[in-house]
Student: 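Dropping a structure here in C-alpha cells format, bear with me for questions.
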Amino acid sequence: MPPNSSVSRVLITSALPYINGVKHLGNLVGSMLPADIYARFQRARGRETLFICATDEHGTPAELAALDAGQPVDVYCREQHEIQKNLGAGFDLSWDYFGRSSSPENRQLTQEFARDLWRNGHLDVRTTRQVYSNADGRFLPDRYVIGTCPHCGYDRARGDQCENCTRVLDPTDLINPRSALSGSPDIEIRDSAHLFLKQSAFAGRLRTWIDSKKDEWPQLVTSIAYKWLDEGLQDRGITRDLAWGVPVPDDIGDGQLKGKVFYVWFDAPIEYIGATWEWANATGKGDVWRDWWDEDATTSYVEFMGKDNVPFHTVGFPCTLLGVNDSASRKWKLVDRLKGFNWVNYYGGKFSTSQKRGVFMDAALEILPADYWRYYLMANAPESADSNFTWEHFAGTVNKDLADVLGNFVNRVTRFCAARFDGIVPEGGAYGPEEAALAAELDRRIAAYTDYMEAMEFRKSTAELRAIWVLGNEYLTKAAPWTAIKTDRDRAAVSVRMGLNLVRLFAHLSAPFIPSSAKKIHGAVMAAPDLIPWPDQPMAQFLDGLTPGQPIQPSDVLFAKLTDEQIAAWEQRFGGTS
RNA sequence: GGCAGCGUAGCUCAGUGGUAGAGCAGGGGAAUCAUAAUCCCUUGGUCGGGGGUUCAAAUCCCUCCGCUGCUACCA
C-alpha cells in the first residue's frame, strides 16, 4: 500500500550490518540494497527522504574478532566501519548517514531509554546462571559452549542447539562441555544479575499494533511476529557480561549491574535514532533530527531487513519504544512499513565466510561494476522464498536484460543517429499514431511500475522496467528508420527522435536500480541532472523533451557481456559448483 | 519435537475459487540500425502425492512427502 497523500517525508532504515567483516551478497540484498533503491525512488519522486544506516558494533563476535585480529576492539571496529562504509559507497548506496552503534549519541540515547524503561517499571533485575570459562576469562554465550549432544551423540553440539539433530539444548545438557573459544573444559556456572525487559506485559499492545499492519506487511513478516505472540512473549535479558558495549548507568538496578553492558540487540535498533542524531551533528542540522522520529509527524517510516531480524523489529524494539513512550513528552515513532527478505543461497548452500564460499561485497566490486550486481540482485530478490545464486543465472540476466535489451537499445539508437543524422536530434516530421500508441502503452506500464515500487515489490518492479525497455526495441523494429530513411527522411527523423527520447526516459526510470549507468545513458542524449526525477507527466509530453537540433554523445558499450571464460574462472575462484 | 515459509513448464518465478501464465532456455520466421545485439510466432505443465468441500480447486479443508529457516544468550 503506498503511503497516503498526507505523507510528505519518508524515513528509511536498513538493518545494520554487523561489524564483524565484509558482508556477502545475501546481506546486501536483504537490507541495504533495497533500502537504497527505495530511497532513490522516493527522492526522485520529490519526497523529502532520510536514509539511515550504521554498523552494529557491540556483542561477543566483535570482541572475539578483535581478539583474533590482535587489535583493541575499538580500533578494530573503527577500521571495519571504514571498510564497510567504503564498500557501501562502492555499491552506490546513497546513505544520508552511515553511523556507528558505538557512537556517543547512541550511548546517550540507549542509556536514556533504559532509564525511562526503569522509571516506568518495565525493567527488573534477575539473577541468571551463565557459563563462565576460566581459561578464557569471560562469560560464554550458550552457543560458545560445545560438547557432546545427549540426544544424538554428536560431539560438537552447541550449547543452544545441536546442529546434527537440530534439538534445542541448554549448555548444562551437554556431555563433556568445553569452551568453543579455547577448547578448555575448565568452565563453571556462575550467578549473574541482569536487567530484563518485561516484554510479556506488552503482548496485548503489540498484537493490536501488528493487527493494524497485517494487511500491509509481507506475510513473511506478520507470520513471524504472530508466532512470537502466539507462543507467549517472554521477558528478555537486555544486559550482558561483556566489556565492549554501552555501559549500564549506575542509577539503574541499585548497583547490581556494575560493569555490565547492554545487549547488542537492545542498543542496535536504537542506533537508527542515534545515527539520525549523528547525521544532524555531522551536518549542522541542530535539533531538527528529532522531528523525523515524532510519532505524529507526517512521516512514513520504512524498515528493510532479512528475516532473521524480524522478531527484533516487530517485538523487541517496539517494546522498547512503547515502554519509553509511556512517559515521553514527544512520543517516538514505530515503524509504518516493514519489508523483510529471505536468504540468498550460493549453489543451494549457505554463503560461508569461514569456508570462503560465495561472493562478498569487496570481491564483487573487484570483478564487475556495482550496477551489474544491483540489477541482478533486485531482479531476483528473495521476496517470497530463499533464492539461489549461480554464475550462469547471473550472467544470463546481465547479458540478456542489461546488455542486449537495454544497453543495445541505447547503442543502436545513438549510433544510428550519429551515422545518419550527424549526431544531432533530428528535426522534421511529427509524431503520429504509432508514437501515440507507444506513449499510451508507456503510461500504463509506468503506472504499474510506480505502484510496484511504492509497494516495494522489487521482482515485479524490475520485470516491469524490463518490459518498458522491450517496448523501445519493439517500436524501433516496427518503425525501422534504417528502411524509412531511403524513401522518407522525415519519417526516419521522427522515429530516431522518439528513440532518443526513449533513451532519456529509460535513464529516468532505471536510475533507482542502476544509478551510475542511468547517468551515462542520460548523458548520451542530454546532460544528466544530479537528481534524475521520476517522470510524472504524460508520456506524450515527456517524449517531446529533447530539442531537435541539439547534439548527442553516442555511448560506448554500457554493459559488457559476460563470457563463458569469465564464468568458469569465477566459479573456480568463488567455489561455485552445482 | 514445535512453528513458519516454500513445492506451478528444462531453469528462475507470477498467479489465493471461474478456460493454467511471464522471462530465460528450445524450435520456426522476419529484419540488418546495433554489443550476432533485436522483433514476431511457437513447442513445453494431470500446479509435490492422496483424500475431501464446491456447479467450479494451483487457490479452501484434512493428511502424507520433500526442501529451507526459526525455536528467545550468535547477530
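By convention in this document, chain letters (A, B, ...) are assigned in the order of the sequence lines, proteins followed by strands, and residues within each chain are numbered from 1. All values derive from a computational prediction rather than experimental measurement.
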Student: Testing the basics here: between A:Gln199 and A:Cys319, what is the closest heavy-atom pair and its distance to 0.1 Å?
Tutor: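 Scanning both residues completely, I find the closest heavy atoms to be CG-SG, 4.0 Å.
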
Student: B:rG15 and B:rA34: how far apart are their P atoms, nearest whole angstrom?
Tutor: 41 Å

Student: Does B:rU38 have OP1 or OP2 under 4.0 Å away from a side-chain N or O of A:Lys400?
Tutor: yes

Student: Record whether the side chain of A:Asn408 comes under 3.5 Å of the base of B:rA34 through a donor-acceptor pair of N or O atoms.
Tutor: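 Counting by modelled atom types and ignoring angles, a donor-acceptor contact under 3.5 Å is found here.
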
Student: Tell me the interatomic distance from A:Asn411, atom CG, to B:rA36, atom C1', rounded to whole angstroms.
Tutor: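 In whole Å, B:rA36 C1' lies 13 Å from A:Asn411 CG.
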
Student: With a 4.5 Å limit on heavy-atom distance, are the side chains of A:Tyr475 and A:Met498 in contact?
Tutor: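 Yes - at least one pair of side-chain heavy atoms lies under 4.5 Å apart.
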
Student: Can you tell me how far C1' in B:rG45 sits from the matching atom in B:rC11, rounded to whole Å?
Tutor: 14 Å

Student: Which nucleotide, in any strand shown, forms a Watson-Crick or G-U wobble pair with B:rG44, with both distances under 3.5 Å?
Tutor: none

Student: So, using side-chain contact (heavy atoms from CB on, under 4.5 Å) as the criterion, who are the partners of A:Asn473 when residues are at least two apart?
Tutor: A:Val405, A:Phe409, A:Arg412

Student: Grab the CD-P distance between A:Glu383 and B:rC13 for me, whole Å please.
Tutor: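 These atoms are roughly 11 Å apart.
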
Student: Do A:Ile210 and A:Tyr226 come close enough that some side-chain heavy atom pair is under 4.5 Å?
Tutor: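 A side-chain contact under 4.5 Å exists here.
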
Student: Using the P atom as the reference point in each nucleotide, state the distance between B:rC39 and B:rC24 in Å, no decimals.
Tutor: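 My reading of the P atoms in B:rC39 and B:rC24 gives 8 Å.
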
Student: Could you tell me the Watson-Crick or G-U partner of B:rU35, where both distances fall under 3.5 Å? Say none if there is no partner.
Tutor: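 Check on B:rU35: unpaired, no WC or wobble geometry under 3.5 Å.
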
Student: Scan every strand shown for a Watson-Crick or G-U wobble partner of B:rA4, both distances under 3.5 Å, and answer none if you come up empty.
Tutor: B:rU68

Student: A:Ala385 side chain: which of B:rC6, B:rC39, B:rC33 is closest?
Tutor: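 Looking only at side-chain atoms, A:Ala385 lies closest to B:rC6.
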
Student: Distance check, C1' atoms only: B:rC67 and B:rC62, in whole angstrom units.
Tutor: 22 Å

Student: In whole angstrom, give the distance that lies between atom CD of A:Glu464 and atom C1' of B:rG23.
Tutor: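 Computing the A:Glu464:CD to B:rG23:C1' distance gives 13 Å.
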
Student: One character per nucleotide, please: for nucleotides 63-75 of chain B, 5' to 3', B when the base has a protein heavy atom closer than 4.0 Å, S when only the sugar-phosphate does, - otherwise.
Tutor: -----SSBBBBBB

Student: Taking only side-chain N and O atoms of A:Lys561, does any of them lie within less than 4.0 angstrom of OP1 or OP2 on B:rA36?
Tutor: no

Student: Atom CZ of A:Phe559 and atom C1' of B:rA34: how far apart are they, to the nearest Å?
Tutor: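 So the two atoms are 16 Å apart, to the nearest Å.
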
Student: Name the pairing partner of B:rC74, where a pair is Watson-Crick or G-U wobble with both distances under 3.5 Å, or state none.
Tutor: none

Student: Tell me: CD of A:Glu392 to P of B:rG23, nearest whole Å?
Tutor: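 It works out to 22 Å between those atoms.
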
Student: Taking only side-chain N and O atoms of A:Arg459, does any of them lie within less than 4.0 angstrom of OP1 or OP2 on B:rU12?
Tutor: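 Checking B:rU12 against A:Arg459, no side-chain N or O comes under 4.0 Å of OP1 or OP2.
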
Student: Rounded to whole angstrom, note down the C1' distance from B:rU8 over to B:rG23.
Tutor: 15 Å

Student: If I pick the P atom on B:rC61 and the same atom on B:rC3, what distance separates them, to the nearest angstrom?
Tutor: 15 Å

Student: Could you tell me how far B:rA14 sits from B:rG21 if I compare only their C1' atoms? Round to whole Å.
Tutor: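 The answer is 7 Å between these two C1' atoms.
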
Student: Could you tell me whether A:Lys213 and A:Asp211 make a salt bridge, using a distance below 4.0 angstrom between a side-chain N and a carboxylate O?
Tutor: no

Student: Going by the side-chain contact (heavy atoms from CB on, under 4.5 Å) test, name the single residue among A:Thr60, A:Val246, A:Ile19, A:Asp56 that passes it with A:Val264.
Tutor: A:Asp56

Student: Determine the contact category for A:Ser387: base if any of its heavy atoms lies under 4.0 Å from a base atom, sugar-phosphate if only primed atoms, P, OP1 or OP2 are that close, otherwise nothing.
Tutor: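 Sugar-phosphate contact only.
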
Student: For a quick check of understanding: with a heavy-atom distance under 4.0 Å over all strands, which category does A:Lys478 fall into, base, sugar-phosphate or nothing?
Tutor: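 If one applies the 4.0 Å heavy-atom cut-off, A:Lys478 turns out to touch nothing in the nucleic acid.
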
Student: Does A:Arg158 reach a base, just sugar-phosphate, or nothing at all? Heavy atoms under 4.0 Å.
Tutor: nothing

Student: Could you pick out which residue, A:Val470 or A:Arg420, lies toward the 5' side of RNA chain B when each is mapped onto its nearest nucleotide?
Tutor: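 The answer here is A:Arg420.
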
Student: Would you measure the distance from the P atom in B:rC33 across to the matching atom in B:rU46 and give it in whole Å?
Tutor: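 Per the computed distance, 44 Å lies between those P atoms.
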
Student: At 4.0 Å (heavy atoms only), tell me whether A:Tyr226 reaches a base, stays on the sugar-phosphate, or touches nothing.
Tutor: nothing

Student: Mind calculating the distance between CG (A:Asn399) and P (B:rA36) to the nearest angstrom?
Tutor: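 It is 12 Å, rounded to the nearest whole Å.
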
Student: Over 60° means perpendicular and under 30° means parallel, so tell me whether A:Trp244 and A:His58 are parallel, tilted or perpendicular.
Tutor: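 The arrangement is perpendicular - the two ring planes meet at more than 60°.
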
Student: Closest nucleotide of RNA chain B for A:Thr483 versus for A:Asn380: which of these residues is on the 5' side?
Tutor: A:Asn380

Student: Please check if the side chain of A:Tyr376 supplies one atom and the backbone of A:Ala395 the other of a donor-acceptor pair under 3.5 Å.
Tutor: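 Looks like no, no N/O pair under 3.5 Å.
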
Student: In whole Å, what is the span from the CG atom of A:Leu471 to the P atom of B:rC39?
Tutor: 10 Å

Student: Taking A:Thr239's backbone N and O only, do any of them form a donor-acceptor pair with A:His194's side chain (distance below 3.5 Å, no angle check)?
Tutor: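 Yes, A:His194 side chain to A:Thr239 backbone: donor-acceptor pair under 3.5 Å.
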
Student: Keeping A:Gln84 on the side-chain end and A:Gly21 on the backbone end, is there a donor-acceptor pair under 3.5 Å?
Tutor: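 Yes: the side chain of A:Gln84 pairs with the backbone of A:Gly21.
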
Student: Pairing check on B:rA9: which nucleotide meets the Watson-Crick or G-U wobble criteria with it, both distances under 3.5 Å?
Tutor: none

Student: Could you let me know what B:rG18 is paired to, Watson-Crick or G-U wobble, both distances under 3.5 Å, or none if it's on its own?
Tutor: B:rC55

Student: Does the aromatic ring of A:Trp482 sit over the six-membered base ring of B:rC33, closer than 5.5 Å centre to centre and tilted less than 30°?
Tutor: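 Yes, A:Trp482 stacks on the base of B:rC33.
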
Student: What is the nucleic acid contact for A:Leu558, judged by heavy atoms within less than 4.0 Å: base, sugar-phosphate only, or nothing?
Tutor: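 The residue A:Leu558 makes base contact.
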
Student: Using the glycosidic torsion, which applies to B:rG44: syn (within 90° of 0) or anti (everything else)?
Tutor: syn

Student: Given B:rA34, is OP1 or OP2 found less than 4.0 Å from the side-chain N or O atoms of A:Thr414?
Tutor: no

Student: Could you check whether any side-chain heavy atom of A:Pro34 comes within less than 4.5 Å of a side-chain heavy atom of A:Met378, counting everything from C-beta outward?
Tutor: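 Of all side-chain heavy-atom pairs linking A:Met378 with A:Pro34, at least one is under 4.5 Å.
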
Student: Side chain of A:Asp404 only, heavy atoms from C-beta on: which candidate in B:rA37, B:rC39, B:rC13 is closest?
Tutor: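 That would be B:rA37.
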
Student: May I ask you to say what A:Val131 touches in the nucleic acid, namely base, sugar-phosphate or nothing, with a heavy-atom cut-off under 4.0 Å?
Tutor: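 Counting heavy atoms under 4.0 Å across all strands, no contact is made by A:Val131.
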
Student: Would you mind reading off the distance between A:Tyr452 atom OH and B:rA22 atom P, rounded to a whole angstrom?
Tutor: 15 Å

